[in-house]
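When a ligand or atom number is given, it counts from 1 through the structure's own listing order.
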Amino acid sequence: TGTTRPQRLLRAVQERATRGDSESVIAAIDHFCRHQEWAMNVGDEKGFILDSVVSEVSPQTALELGTYCGYSTVRIARLLPPGGHLITLEFNPNYAAVARQVIAWAGLEDMVQVVEGASGDWIPHLREHFGIESFDFVFLDHWKELYLPDIKLLEECGLLRKGTVLLADNVVCPGTPDYLEYVRKSQSYESHYFGSHLEYTRAEDGLEKSVYLG
Ligand SMILES: Nc1ncnc2c1ncn2CCOCCNC(=O)c1cc(-c2ccc(F)cc2)cc(O)c1O
Ligand SMILES: [Mg+2]
């Protein structure tokens, strides 16, 4: 029983990145994934698109579905405006444990809440548990077949408002066909595809940005 990949990724952060410097944490993870071991972070190329959307929205309240090691959590949290807060849901307790340490190494623990559990179980309780009225921004990066049911659940729970921006990773690879069809056809969303590549590879992938129209 050696270490897991997330544990090796965390060690690379602790060895290569400067405490409190989120840029160096992002760079350390990208270096590890390019030169040591591939891992399913959104990566630098799609991460640049994520940065531009987060900067444009400048969310006070943000939700991430699928934390993994906290790479996109750090990318989002470092761009939040004063008072901004990010809730990130992670199913796997081992991933969540690594993510908390990565987020702390970046010095962003005060803006982020890592919540362990399944998205479908937690979404109906976010309002009462965290005092959230609605989300300004949602990043979808968890099980690809849960993207569609989970945005329908967010709608039903009244957690989306006119103008909420959804950004979905992996809409080409591994792919989220039912989600794409829904947001592109629904009168309740204005959708746009940002073509890119699967993290650290030349395979095609992209992000779908969808604005909820209410
Ligand atoms: N809170 C929650 N509730 C429910 N479920 C949850 C949860 N939190 C986590 N999960 C479950 C799973 O989370 C990880 C999902 N991410 C991916 O699977 C993923 C896979 C690839 C990939 C892999 C292999 C290839 F060959 C090509 C591409 C690339 C990516 O960028 C990915 O994001
Ligand atoms: Mg992904």
Of all N, O or S atoms in D141, the one closest to the Mg ion (ligand 2) is OD1
One residue to check: L198. Relative to ligand 1, which of side chain, backbone, both or neither has a non-hydrogen atom less than 4.0 Å away? side chain
Side chains of D150 and H142: do they bring a donor and an acceptor to under 3.5 Å? yes
Does the side chain of Y68 come under 3.5 Å of the side chain of N92 through a donor N or O and an acceptor N or O? no
Just checking, any donor-acceptor pair under 3.5 angstrom between side chains of D205 and S196? no
How far is atom 14 (C) of ligand 1 from its nearest protein heavy atom, and which residue and atom is that? M40 CE, 3.7 Å
Identify the closest protein heavy atom to atom 1 (N) of ligand 1: which residue and atom is it, and at what distance? G117 O, 3.0 Å
For the Mg ion (ligand 2), what is the closest N, O or S atom on D169? OD2
Return yes when at least one protein heavy atom is under 4.0 Å from atom 31 (O) of ligand 1, and no when none is. yes
Do T67 and ligand 1 have an N or O pair less than 3.5 Å apart? no
Any protein heavy atom nearer than 4.0 Å to atom 25 (C) of ligand 1: no
Which residue and atom name correspond to the protein heavy atom nearest atom 9 (C) of ligand 1, and how close is it? E90 OE2, 3.4 Å
Run the ring pair (Phe, Tyr, Trp, His ring centres under 6.0 Å) test on H125 and F130 for me, step by step, so that the C-alpha distance in whole Å, both residues' side-chain angles and the decisive distance to 0.1 Å come before the verdict. CA-CA 8 Å; H125 300 289; F130 296 101; over 10 Å; no
Whether E199 has an N, O or S atom under 2.8 Å from the Mg ion (ligand 2): no
Atom 8 (N) of ligand 1: which protein heavy atom is closest, and how many Å away? F91 N, 3.2 Å
Between K152 and Y182, is NZ or CZ placed under 6.0 angstrom from the six-membered ring centre and within 45° of the ring axis? yes
For Y200 and D30, does a side-chain donor sit closer than 3.5 Å to a side-chain acceptor? yes
Side chain to side chain contact (heavy atoms under 4.5 Å, CB included) between L63 and F139, intermediate numbers included: CA-CA 6 Å; L63 174 65; F139 183 53; over 6 Å; no
Measure D141 to ligand 1 on non-hydrogen atoms and call it side chain, backbone, both or neither using the 4.0 Å cut-off. both
Between the candidates H142, E199, E64, which shows the shortest non-hydrogen contact distance to atom 13 (O) of ligand 1? H142
What protein heavy atom sits nearest atom 23 (C) of ligand 1, and how far away is it? W38 CH2, 3.8 Å
Any chance the rings of H35 and H31 have centres within less than 6.0 Å? yes
Using a cut-off of 6.0 Å, state whether more than 12 heavy atoms not belonging to F91 lie near its atom CZ. no
Close N or O approach (S119, ligand 1; < 3.5 Å): yes
Could you tell me whether the side chains of E190 and S210 share a donor-acceptor contact shorter than 3.5 Å? no
Geometric N/O contact K144 with ligand 1, under 3.5 angstrom: yes
Does some non-hydrogen atom of L65 fall short of 4.0 Å from ligand 1? no
Check whether Y179 reaches the backbone of K144 with its side chain - one donor and one acceptor, N or O, closer than 3.5 Å. no
I'd like to know: is the Mg ion (ligand 2) within the 2.8 Å range of an N/O/S atom from N170, strictly under that distance? yes
Any N/O of D169 closer than 3.5 Å to an N/O of ligand 1? yes
Is a donor from one side chain sitting under 3.5 angstrom from an acceptor on the other, for T3 and R8? yes
Taking the non-hydrogen atoms of W143, is any one of them nearer than 4.0 angstrom to ligand 1? yes
Any N or O of A118 that comes nearer than 3.5 Å to an N or O of ligand 1? no
Do the charged groups of E109 and R100 touch, with an N to O distance under 4.0 Å? no
Give a yes/no verdict on whether any heavy atom in A203 is under 4.0 Å from an atom of ligand 1. no
Checking contacts here: is it the side chain or the backbone of L146 that comes within 4.0 Å of ligand 1, counting heavy atoms only? Could be both or neither. side chain
Looking at S186 and V183, would you say the former's side chain and the latter's main chain have a donor-acceptor pair under 3.5 Å? no
